[in-house]
Amino acid sequence: MSEAVLVPQGSILLESELSAPLSERECWHCSVEKKLCLSIVVLGASGDLASKKTYPALQFLFRNGFLPHNVSIIGYARSPLTDHQLRDKLRPRLSGGEEERDAFLKHCTYVQGDYVGSQGWQGLEGVLSGREGKYHGCPCGRLYYLALPPSVYPQVCSGLKTYCDALPKTEGSWLRVIVEKPFGRDLSSSEELAEVLGQLYPESQLYRIDHYLGKEMAQNLFVMRFANMFLSPVWNRNCISNVQITFKEDFGTQGRGGYFDTFGIIRDVIQNHLTQLLAFVAMEKPLSIHPDDIRDEKVKVLRCIQPVQEHHVVLGQYTAADGQPGYTDDPTVPSGSKTPTFAAVTLFVDNDRWSGVPFVLKAGKALNDRKAEIRVQLRPTPHFVFGGNPERMRNELVVRLQPDEAIYLKMIVKRPGLETGDCAISELDLDYGKRYPGVVIPDAYPRLILDAIRGDQQHFVRRDELRAAWAIFTPLLHAVDEGRLPVHPYPYGSRGPPEADELLARAGFVQNLDYKWPHKAAAAASSPGGAGGNGNGARL
Ligand SMILES: NC(=O)C1=CN([C@@H]2O[C@H](COP(=O)(O)OP(=O)(O)OC[C@H]3O[C@@H](n4cnc5c(N)ncnc54)[C@H](OP(=O)(O)O)[C@@H]3O)[C@@H](O)[C@H]2O)C=CC1
Ligand SMILES: O=C1O[C@H](COP(=O)(O)O)[C@@H](O)[C@H](O)[C@H]1O
């Protein structure tokens, strides 16, 4: 593993080993301004997200030197677990050898407690303040990570505020709360939740996770857009014909059908993750990279989007195929459920830059591929004097978030050979695996947790952003909930309902039919029964 991107920054590497003698520790803590007594509380530590994402992300940060060596990670939940039982549950989810896992796990403890009443919270506060008391004079950081169903956020935040708020007054101390989506089911329920939390914690203490904001290419999209002169003049309705933002998974609900069925794909992926990506594509350049300047611009552009119209939507639900179960075969899904597992929606950004340009957001489970990408398709080149149909040979900029991060630009070039006027589509290709060999691209969760520890809210969703995003989808969601829109069946492992291709065609998307991204083509060529090719990876 290369350490190239993992150089810890001074602002968080702050504590001496607890094994140092107390007098030495006190002295050291107090003489170094940035020393921090960091406690991370994982609320809902017994749950799925905690063991799948939160603890592995914390271990990543710990292993790579981004957490103080004396960090305390306290799990809190109702389940009766001992420290040992929690560690045994987490161990298989962690990385590295036995020793590395244990080195991390010895920082993980567990407090059992309820989310109502006072007893559990008082127990937790006792553990926190007992620890902080040993570091008097030093700043203390408390990070409360709510890995819990949102239905309990109000009572949990109220318990934390009432009983677990006794942070030392030392300068530089802080308390932050991370919450996980879903933030409500529609505009009004989201506002209701925001109101309750807002009365307990100011916006500056609330960190709403949308893990797509923690992805390398989402962050890069923002940089790439505003750092490159050559993009600015074309990034508008004059040159861009349509934008597609796609999320595909090649597996179904995988045991999360109960959760999924109450939300559906629009709430699960489109209203949050894909809408955040849209905001990066469409926003204006912010005044600075201060988190609030960036989020101001995102809010502005989201507010330019009118609520989705029903004729701009295609919904689907996967059915059993090739031995794979259909959505309603999942025993946790109510029989006869009409919840969409696929949706394609076309949005329009009504401002000077984007008026009339369709943005198609498409997401589906149990499809033929697993990927997330942004595809910006340009208009045909006017007065095309070469061979070939310019309508079908479009410049496209593709940002691939996963798998295999890449950015490629489809170009029209001369086909190699003796004919000058003969054109083909090729690409300028930035493939991260090749360009940055051995560099670790950290997962979204460690990045976001580290941002929260550093107090950087840039990649967290602000309340007004959330409101603007819900406003776009709420009328549609109500129509879907009322069963007013058709839900087209599509076979597990397919491209989704054919109606979605028609929606894309209506949005002006033109597929460059004789083109395939070379990496994909190479994979197809080398697989049994693959597409073959000229062997040199060129797509000419
Ligand atoms: N799991 C995932 O892959 C993802 C989850 N999320 C979000 O993260 C959060 C946590 O998800 P996840 O870990 O899957 O959730 P779980 O259902 O596993 O719940 C986490 C813990 O919360 C407690 N809990 C569960 N239901 C209730 C309830 N009705 N009342 C009180 N406590 C309850 C349980 O702890 P105990 O009974 O021990 O107190 C449980 O272990 C949710 O907001 C979810 O939407 C977001 C993205 C992905
Ligand atoms: O938030 C969610 O995202 C995952 C997909 O995340 P990714 O990082 O693997 O792309 C999705 O499977 C899940 O349904 C949704 O809740």
With distance as the sole test, does [X] use its side chain to make a donor-acceptor pair with the main-chain N or O of [Y] at under 3.5 Å?
X: Asp88; Y: Gln85; result: no
X: Arg225; Y: Met283; result: yes
X: Arg185; Y: Thr262; result: yes
X: Glu373; Y: Gln402; result: no
X: Tyr153; Y: Glu180; result: yes
X: Thr339; Y: Asp261; result: yes
X: Arg101; Y: Gly96; result: yes

So, taking the atom named CG in Leu36 and the one named OG in Ser173, what distance separates them when rounded to the nearest 0.5 Å?
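So the CG of Leu36 and the OG of Ser173 are separated by 7.5 Å.
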Within 45 degrees of the ring normal and closer than 6.0 Å to the centroid, is that where the cationic atom of Arg256 sits relative to Tyr259?
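Judged by the rule, Arg256 and Tyr259 form a cation-pi pair.
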Taking the side chain as everything from C-beta on, heavy atoms only, tell me whether Pro168 gets closer than 4.5 Å to His136.
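Result no, sub-4.5 Å side-chain heavy-atom pair not found.
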Using the ring of each side chain (for Trp, its six-membered ring), is His107 parallel, tilted or perpendicular to Phe62, with breaks at 30° and 60°?
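The arrangement is tilted - the two ring planes meet at 30° to 60°.
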For Glu203, run the salt bridge (Lys or Arg N to Asp or Glu O under 4.0 Å) check against Arg462, Arg295, Arg208, Arg463 and tell me which one passes.
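That would be Arg208.
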N-O pairing of Arg63 and Glu100 below 4.0 Å
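Salt bridge: yes.
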